[in-house]
Colleague: 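Would you mind keeping the following structure in view while I ask a few things?
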4 protein chains.
Amino acid sequence: MTEYTEAATVGIGIFGSGRIGQVHAANVALNPGSTLLWVCDPRLDAATELAQKYGARATDNPNDVLSDPAVQAVLVGSSTPTHMDLTVQSVRAGKRVLCEKPLDLELDVIDAARADAGPDIEHVMVGFNRRFDPNVAEVHRRVEAGEIGQLEQLTIISRDPTPPPGEYLAVSGGMFRDMTIHDFDMARFFLGEITSVYATGSALFSDDARAVGDVDSASLILTNAAGVQCQIINSRHCGYGYDQRLEAFGSLGSLRVGNQRDTTVVFDGASATDVKNPIQNFFLERYAAAYQIELQHFLTSIASGVAPSPSFEDGREAVVCALAAQRSLSEGRVVALSEFGL
Amino acid sequence: MTEYTEAATVGIGIFGSGRIGQVHAANVALNPGSTLLWVCDPRLDAATELAQKYGARATDNPNDVLSDPAVQAVLVGSSTPTHMDLTVQSVRAGKRVLCEKPLDLELDVIDAARADAGPDIEHVMVGFNRRFDPNVAEVHRRVEAGEIGQLEQLTIISRDPTPPPGEYLAVSGGMFRDMTIHDFDMARFFLGEITSVYATGSALFSDDARAVGDVDSASLILTNAAGVQCQIINSRHCGYGYDQRLEAFGSLGSLRVGNQRDTTVVFDGASATDVKNPIQNFFLERYAAAYQIELQHFLTSIASGVAPSPSFEDGREAVVCALAAQRSLSEGRVVALSEFGL
Amino acid sequence: MTEYTEAATVGIGIFGSGRIGQVHAANVALNPGSTLLWVCDPRLDAATELAQKYGARATDNPNDVLSDPAVQAVLVGSSTPTHMDLTVQSVRAGKRVLCEKPLDLELDVIDAARADAGPDIEHVMVGFNRRFDPNVAEVHRRVEAGEIGQLEQLTIISRDPTPPPGEYLAVSGGMFRDMTIHDFDMARFFLGEITSVYATGSALFSDDARAVGDVDSASLILTNAAGVQCQIINSRHCGYGYDQRLEAFGSLGSLRVGNQRDTTVVFDGASATDVKNPIQNFFLERYAAAYQIELQHFLTSIASGVAPSPSFEDGREAVVCALAAQRSLSEGRVVALSEFGL
Amino acid sequence: MTEYTEAATVGIGIFGSGRIGQVHAANVALNPGSTLLWVCDPRLDAATELAQKYGARATDNPNDVLSDPAVQAVLVGSSTPTHMDLTVQSVRAGKRVLCEKPLDLELDVIDAARADAGPDIEHVMVGFNRRFDPNVAEVHRRVEAGEIGQLEQLTIISRDPTPPPGEYLAVSGGMFRDMTIHDFDMARFFLGEITSVYATGSALFSDDARAVGDVDSASLILTNAAGVQCQIINSRHCGYGYDQRLEAFGSLGSLRVGNQRDTTVVFDGASATDVKNPIQNFFLERYAAAYQIELQHFLTSIASGVAPSPSFEDGREAVVCALAAQRSLSEGRVVALSEFGL
């Protein structure tokens, strides 16, 4: 299982050996344009386990990664509070960075990082993988090509199969910064700059969410300066799996992304017909291709020198949307993003 | 519930007060262009019950209907062995005739009727209602318009929900003349004249069918002179309802008729998604519109004087196909329709 | 086309011979339980034309209808500002009333009518036909039966094919009272009493809407006391027809109503596959069955003496929702229905 | 891109560097359980090009492969006339063999090879990849589990996007041995032993097919001893792509495999709604997963010592079906497989 190629590959270090770190590690190993060199995690045994799987080295010290000249780029998949510090250190060490979402829960931390990192911040990419989902990417391309005329309304349905554990909820920053953050980026991907956010939410089923003052079900309306509307519908649970749909409505028609299944098999029986299988139930399965294409985009941006997209600024704006949504929910009013100095 | 209209309506007599007679009676009553005058059935009480429902007269004597000058047209929905006799009598009495399928089980009876009826036979319409189903009619129109290029293969799936009772099977003339007869007409509707028939069949589940030497599951291949192929797939039962599909494949694409449901409701749950309701389970429900449009076509042909379609000849040709299929099944070979003197 | 029946039918008078009056007239004529006696319209020629079609009498004087003892019930399908006056007069004359939506644009007019009509107001039915659509009714029934567990989110998409003329928009009372009124009733049908309304809207394409200060695209979020959320998505135009969808999401699954087509025909070609026909483009076609079943419900409530549903109060509450939405839109905040004295 | 693993991998040699050889080479490289050692092709430059891509050695001499003790297994993807000779040589050299379909065009060649290879023939696997397609495998598993009751009818639709070049058609052995061979195996996969074959076919559009006396459109009916029927519908072209469908109808319901698309995107517009993208157009794309799973099955059979499936006998039986179909077409009759000594 060796692919012989003359092309130089990009040496990669990964911060974080959790779920997303594991996805990235596998994709780095699979991609002929990248080589996994380091896995860094404060839990050294976890780092070691993941590193060994792909013939990389393990450490619990970020400096080992950042001081290795063979490392050209890092993937920051550690816990959220460490994102900005590792990003800044990596940029300063001359590394290209792909940082997971959200950049941070607090805007001032993000802004301080931006200041500290300097102009190379423009080469930091943020891990909004859904932009690279082939379904989403196709709808975006066709909307941009004018197939549905002028975009007027965008509906995003995004529901997780099951709520995260209570201990995670307590430090998640709330549903909007933790889960809706992806949908804010989708809204921005299609509508451009968001100017106002309306949010409502309730804790309908999760005692854990209620206990920490969070919601488990939310509905939001975002608008841009032109008055284009985006509805976001969220739930922390979903009886039929990982519900990920998107519908772009324009003056001439509509383009929709549906849920995915592993096979095309359909059943007809006495009490039900055209029965399809459950939808893909896990984000790593649903967005497997998206993560691979995201990595390829990152590698291509390194090779070409063209700044990657979504950018650090995209990551920051999504957090602003989340903060605006939180304010809207608590104050029961529309919140203009200009309140956040934009 | 009275509609006032100046236009003269067509006075109608119906032979047969069974299932199909009841459908016709209701449609005649509903159609502003027709008035039900007589219901005739050897079972006078059945005739009376149906006649009273629509303010018509009942009789067990066909002459009462045929001698009434107000009767312009008759619908022959009596038992198959009476079709030809009543048709001939009606034509001779100067009535327009819509005769149910099959015209008769035997070709010589049909041919004798044709000879007896004289040239007015061209005004006899045969009740192949499926030609008037809006789905089938649309596919036919679009195929004729060239939307799929040259027609190359036609697939007809036709399955009844449950087999008829054993006593009916015994006198039905066999699956091909009783049930497949509709599909033979569909094949001719799309392919024109059929030149050869291949048939295979088995009694897979019905002891009744087996007992009378009939099959309950059949597969047939018909071709026309140009080599266009038609597959017919039949079953006397179907666990998910009345399966009525058709697919026209041409050099440029395909047009398909699917099964119908009463609502568009779809369910998503843990073990199954995109679940639709059972399909319409009964031919009177599935083809309700077809029967109404068929009647309208008959009334229009009377008003215009243009010979109706499907014609008596269409009815005869479908029977020839059925006889050829029977011969093919029993002799294990392709049967050319020319063997029947065509 | 006469149906002979012993049962007494309900004598009906119709106020208004416009689009909806014509629908009602046809359905009254079709229903064996009702007889159309009068059509009343200030435009006497229009009343006469419609009345003649069904053998009824025409007048421009409501008293002719209300003083006729054969008239048991009236259908109020006249222009909105006349709804309450005709309803009150009819109730006082001892007639049963089915009044079109909205009851009135102003809450005080509705409340005055309620006071004037007295206790028989409970027999006034309001014409929210969508409750009787077989698709909606089935989803409602299955939600009530617990098939999706606890209802948590309801999404209603409701888009008209094309905007009404400018002169109509000017007197329509605005999108929320004119068009969204149906969706408010749908929300109440599923969620029960609404407690808060959020609305946003823009005039994205209609100069007529902009000229009268109205919106043509709107997104709303309603909640009930339990925190169940309802998203409403509206547009005054839709490139692919009359978009009428509804999705009920509960703790165990989801039930959806899709758009309807006249046939099941599907096309496969080189550049597109599984292509279906345009959806039904006109509300009278899309909701044809709903109007018939609505009338039947009204007739049954008359026969049984059981108060009809949706009731006058349902009609009033939908107007309150609309007024709350208008206030939300203009003030940029969540509006509690308690602000309207509920 | 190196995966470190302690497990020994299976050394593989590939005969043939054409389209299928390239697929196998990529999958062998991708699978951690196998290592590509040799590519052998009479066109040495082609062998070299493919071998270099995966760090393997190239040769035009089969003995180089067969005498290498590191080669445990071979994949025979060379031209059809060489299949049996290479298979026999490989078996005699102690190698495990996965041989592409058809084994050979002639039954006597296959039977001679069987005799020559000796008892180790039971470890020869034949490359009927469709059995491993996740869609087909799921339907097969659910049919076996009794989900649709007793299987009664199986419908296979199999159409290529475009006909092969004329020079290929001339040596292909005819449509039944070249293309339908896959469908014969599908029929056997679901129905078990086939007892009779009916075939009809026409050259409707391909002058090349007509020139060599072949057909381009075919319809077949196969039955097993229990009377279960299998319809096969073939075309050498298809305007909407690579049409690969299968429908299993049983006493309780139906299970269907549909065509695959790269995304779930759907478009609604003025003239067409629910529009999906073209289906996957190429067999390597449509069956990409099938080829990978097939290889895995082969590797697992080597590791476990359990004879692989589909077996050499399965390969032989599919050829018998094809020969029976040819005889049926030329003689216009049902052909019992017992005519071939079964």
Side-chain angles (χ1 to χ4, degrees), chain A residues 147-155 157 159 196-206 210 215-241 243 245 247 249-254 259 278-279 328-329 331-336, chain C residues 147-155 157 159 196-206 210 215-241 243 245 247 249-254 259 278-279 328-329 331-336:
Chain A
E147 200 173 323
I148 59 167
Q150 203 66 33
L151 179 68
E152 295 175 355
Q153 295 179 319
L154 180 75
T155 303
I157 295 178
R159 294 180 176 119
S196 77
V197 175
Y198 250 5
T200 190
S202 352
L204 291 177
F205 55 85
S206 164
R210 203 175 292 115
V215 297
D216 54 34
S217 305
S219 298
L220 302 95
I221 302 169
L222 285 65
T223 54
N224 69 10
V228 177
Q229 301 156 14
C230 172
Q231 302 90 18
I232 297 175
I233 302 169
N234 283 161
S235 180
R236 283 285 197 185
H237 76 168
C238 182
Y240 50 91
D243 193 7
R245 288 175 285 160
E247 184 166 333
F249 173 82
S251 49
L252 300 178
S254 171
N259 284 314
I279 59 174
S328 173
L329 179 62
E331 301 184 3
R333 64 174 179 88
V334 191
V335 172
Chain C
E147 199 172 326
I148 59 167
Q150 204 66 33
L151 179 67
E152 295 175 354
Q153 295 178 318
L154 179 75
T155 303
I157 295 178
R159 295 180 176 119
S196 77
V197 175
Y198 248 7
T200 191
S202 352
L204 290 176
F205 54 84
S206 163
R210 204 174 291 114
V215 298
D216 53 34
S217 306
S219 298
L220 301 95
I221 303 169
L222 285 64
T223 54
N224 69 10
V228 178
Q229 301 155 14
C230 172
Q231 302 89 19
I232 298 174
I233 302 169
N234 284 160
S235 180
R236 283 284 198 186
H237 77 169
C238 183
Y240 49 91
D243 194 8
R245 288 176 285 160
E247 184 166 333
F249 173 83
S251 50
L252 299 179
S254 170
N259 285 313
I279 58 174
S328 173
L329 178 62
E331 300 185 3
R333 63 175 179 89
V334 190
V335 171

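Below, read A as the first sequence line, B as the second, and so on, with proteins coming before strands; counting in each chain starts at 1. Because the structure is predicted, anything quoted here is derived from the model rather than measured. Values below: all heavy atoms of this structure, side chains included; hydrogens, waters and symmetry mates excluded.
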Colleague: By a 4.5 Å heavy-atom criterion (distance strictly below it), what part of Ser196(A) contacts chain C: side chain, backbone, both, or neither?
Modeller: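 Neither part; nothing is under 4.5 Å.
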
Colleague: Side chain, backbone, both or neither: which part of Ala199(A) has an atom under 4.5 Å from a heavy atom of chain C?
Modeller: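 Ala199(A) touches chain C through backbone heavy atoms alone.
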
Colleague: Against chain A, label Glu247(C) side chain, backbone, both or neither, depending on which of its atoms sit under 4.5 Å from a heavy atom there.
Modeller: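 Just the side chain, heavy atoms under 4.5 Å.
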
Colleague: With a 4.5 angstrom heavy-atom cut-off, which part of Ile148(C) approaches chain A: side chain, backbone, both or neither?
Modeller: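 Contact with chain A involves no heavy atom of Ile148(C) at all.
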
Colleague: Using only heavy-atom distances, determine whether the side chains of Gln229(A) and Thr200(C) contain a donor-acceptor pair under 3.5 Å.
Modeller: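 No.
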
Colleague: Heavy-atom cut-off 4.5 Å, strictly under: side chain, backbone, both or neither for Asn234(A) against chain C?
Modeller: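 The answer is the backbone of Asn234(A).
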
Colleague: Contact between Leu204(C) and Gln150(A) at the side-chain level, heavy atoms closer than 4.5 Å - yes or no?
Modeller: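 In short, these two side chains do not touch, never coming nearer than 4.5 Å.
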
Colleague: So which part of Cys238(A) gets closer than 4.5 Å to some heavy atom of chain C, the side chain, the backbone, both or neither?
Modeller: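 For Cys238(A), heavy atoms of backbone and side chain both lie under 4.5 Å from chain C.
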
Colleague: Apply side chain to side chain donor-acceptor pair (under 3.5 Å) to Arg159(A) and list each qualifying residue two or more places apart in sequence or on a separate chain.
Modeller: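 For Arg159(A), the residues satisfying side chain to side chain donor-acceptor pair (under 3.5 Å) (neighbours in sequence not counted) are Tyr240(A), Asp243(A), Gln153(C).
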
Colleague: Closest approach of Ser202(A) and Gly227(C), non-hydrogen atoms and distance?
Modeller: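 So the two residues come closest at OG-O, 2.6 Å.
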
Colleague: Can you tell which of Gly239(A), Ser251(A), Gly332(A) has the highest number of heavy-atom pairs within less than 4.5 Å of chain C?
Modeller: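 Among the listed options, the one with the most contacts to chain C is Gly332(A).
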
Colleague: Measuring from Leu222(C):CG to Ser219(A):OG, what's the distance to the nearest 0.5 Å?
Modeller: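 Output value for this atom pair is 10.0 Å.
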
Colleague: Any side-chain to backbone donor/acceptor pair from Tyr198(C) onto Tyr198(A)? Under 3.5 Å, distance only.
Modeller: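 No; zero donor-acceptor contacts below 3.5 Å.
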
Colleague: Once side chain to side chain donor-acceptor pair (under 3.5 Å) is applied, do any residues pair with Glu331(C), and if so which ones, sequence neighbours excluded?
Modeller: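 For Glu331(C), the residues satisfying side chain to side chain donor-acceptor pair (under 3.5 Å) (neighbours in sequence not counted) are Arg333(C).
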
Colleague: When only pairs under 4.5 Å are counted, which of Ala226(C), Gly250(C), Gly253(C), Ser254(C) shares the most heavy-atom pairs with chain A?
Modeller: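 So the answer, after comparing Ala226(C), Gly250(C), Gly253(C), Ser254(C), is Ser254(C).
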
Colleague: Of the listed residues (Thr223(A), Ile233(A), Val334(A), Ile157(A)), which shares the most heavy-atom pairs with chain C below a 4.5 Å separation?
Modeller: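 Of Thr223(A), Ile233(A), Val334(A), Ile157(A), Ile233(A) has the most heavy-atom pairs under 4.5 Å with chain C.
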
Colleague: Go through the atoms of Thr155(C) and report whether side chain, backbone, both or neither lie under 4.5 Å from a heavy atom of chain A.
Modeller: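 Contact with chain A is through the side chain of Thr155(C) alone.
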
Colleague: With a 4.5 angstrom heavy-atom cut-off, could you sort out which part of Leu252(A) is near chain C: side chain, backbone, both or neither?
Modeller: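 Just the backbone, heavy atoms under 4.5 Å.
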
Colleague: By a 4.5 Å heavy-atom criterion (distance strictly below it), what part of Ala203(C) contacts chain A: side chain, backbone, both, or neither?
Modeller: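 For Ala203(C), there is no contact with chain A at all, as no heavy atom is under 4.5 Å.
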
